[in-house]
Amino acid sequence: MTVYGYVRVSTTEQVDNTSMQEQRQQINGNAMSHNLAIWQFIEDGGVSGADPFFARLEANGVTLQQGDTVIVAKLDRFSRDLLDALQSIKKCKELGVKLIINGHGDVTDSSNIYAQLMLEILCSFAGHERRVLKERQKQGQAAKRKAGGHLGGSAKFGYRIEGSGQAATLVAKPEEQAALKYAKEMRATGISFRAISAILKTSHKVIVSHEAIRRALQGETA
């Protein structure tokens, strides 16, 4: 079990002994209030707080282990990126590492109201991120569909698949397109899909199920 003190100043801030010394004093004070003693200071001079926290630790040759404790003088010394801060707190909790931030206490402790709030915000971010990804996927599928791309499964009536994977596209089959056009005209007069299927077998020499015709015509109006 190692107790670390994390000290940071960014490239836009003055890297001097006073700033670093003040942080070290605050960290030592926090350590004492938790009956701890700092074993090692991790000092990042001229490093942005927007950089991932765990990447900064790795750059200093530090790999946190279960039972370790990290103490930081201020929240903005820990991170200036909200999402990374929340994810780092979550990772510390999963590793069994305590993260103590001056003014907030142990933010990995579920009984700590600040920790609970941060985890709730993290859940909100995670939910929002999933919604964004789904929306991007939906937009990507719509764009691919509009460009004639194939989204998977068998080709609907009137088309054949060319290519595979992301390069798969739907290409119109002239004979089936003609039958589909006739099916659309018949459907407009109220003829059932099952009846249309039987008629196309004779009129266009096309064998197609009434369900395939229904999906193809619904696809045109979607």
Side-chain angles (χ1 to χ4, degrees), residues 1-140:
M1 180 182 108
T2 304
V3 180
Y4 297 97
Y6 181 79
V7 178
R8 183 190 67 80
V9 288
S10 73
T11 52
T12 59
E13 297 164 334
Q14 185 177 5
V15 182
D16 57 31
N17 291 330
T18 302
S19 176
M20 302 287 256
Q21 183 62 29
E22 286 178 351
Q23 290 182 52
R24 282 193 291 269
Q25 289 174 352
Q26 290 178 18
I27 289 170
N28 280 322
N30 267 270
M32 291 178 63
S33 67
H34 287 82
N35 296 316
L36 298 170
I38 301 299
W39 290 25
Q40 178 184 339
F41 274 100
I42 305 166
E43 298 189 354
D44 271 337
V47 176
S48 172
D51 294 343
F53 179 65
F54 272 83
R56 282 181 265 144
L57 295 182
E58 289 175 7
N60 282 279
V62 174
T63 301
L64 297 178
Q65 305 291 333
Q66 184 176 2
D68 288 348
T69 300
V70 179
I71 303 177
V72 186
K74 296 180 181 179
L75 181 59
D76 64 356
R77 300 303 88 193
F78 162 55
S79 180
R80 284 189 179 276
D81 182 279
L82 178 57
L83 185 55
D84 176 64
L86 296 171
Q87 290 174 334
S88 296
I89 292 169
K90 182 173 182 288
K91 187 172 181 179
C92 283
K93 189 170 183 178
E94 291 171 347
L95 290 172
V97 173
K98 290 184 178 181
L99 176 62
I100 299 172
I101 301 176
N102 184 29
H104 300 278
D106 179 2
V107 295
T108 62
D109 181 358
S110 297
S111 65
N112 180 348
I113 59 172
Y114 289 108
Q116 191 61 37
L117 175 61
M118 289 179 178
L119 289 175
E120 288 172 356
I121 294 172
L122 176 60
C123 290
S124 297
F125 262 96
H128 175 68
E129 188 175 19
R130 283 193 296 271
R131 287 190 293 272
V132 169
L133 289 174
K134 285 183 178 180
E135 181 61 26
R136 288 176 179 172
Q137 183 181 40
K138 185 178 178 181
Q139 291 175 353

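Model, not experiment: these values are computed from the prediction.
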Any chance the rings of Phe53 and Phe78 have centres within less than 6.0 Å?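 So the answer is yes for these two rings.
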Taking [X] for the side chain and [Y] for the main chain, is one N or O donor matched with an acceptor at less than 3.5 Å?
{"X": "Asn112", "Y": "His104", "answer": "yes"}
{"X": "Arg8", "Y": "Ser79", "answer": "no"}
{"X": "Asp68", "Y": "Thr2", "answer": "yes"}

What verdict does the side chain to side chain contact (heavy atoms under 4.5 Å, CB included) test give for Glu43 and Gln23, after you've listed the backbone C-alpha separation in whole Å, the side-chain angles of each residue and the deciding distance to 0.1 Å? CA-CA 10 Å; Glu43 298 189 354; Gln23 290 182 52; over 6 Å; no
Atom pair [atom1] ([X]) and [atom2] ([Y]), whose distance is rounded to the nearest 0.5 Å:
{"X": "Lys90", "Y": "Glu94", "atom1": "NZ", "atom2": "CD", "result": "3.5 Å"}
{"X": "Ile89", "Y": "Leu99", "atom1": "CD1", "atom2": "CG", "result": "6.0 Å"}
{"X": "Gln40", "Y": "Asn60", "atom1": "CD", "atom2": "CG", "result": "8.5 Å"}
{"X": "Ser19", "Y": "Arg24", "atom1": "OG", "atom2": "CZ", "result": "9.5 Å"}
{"X": "Asp109", "Y": "Ile100", "atom1": "CG", "atom2": "CD1", "result": "10.0 Å"}
{"X": "Asp44", "Y": "Met20", "atom1": "CG", "atom2": "CE", "result": "7.5 Å"}

Closest contact, heavy atoms only, Arg77 versus Val72: CB-CG1, 3.7 Å
Before giving the answer on side chain to side chain contact (heavy atoms under 4.5 Å, CB included), spell out for Tyr6 and Val62 the whole-Å C-alpha distance, their side-chain angles and the decisive distance to 0.1 Å. CA-CA 11 Å; Tyr6 181 79; Val62 174; over 6 Å; no
Step through the shown structure and confirm whether more than 12 heavy atoms of other residues, nucleotides or ligands are within 6.0 Å of CD on Gln66.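 Atom CD in Gln66 is not packed in, count stays at 12 or less.
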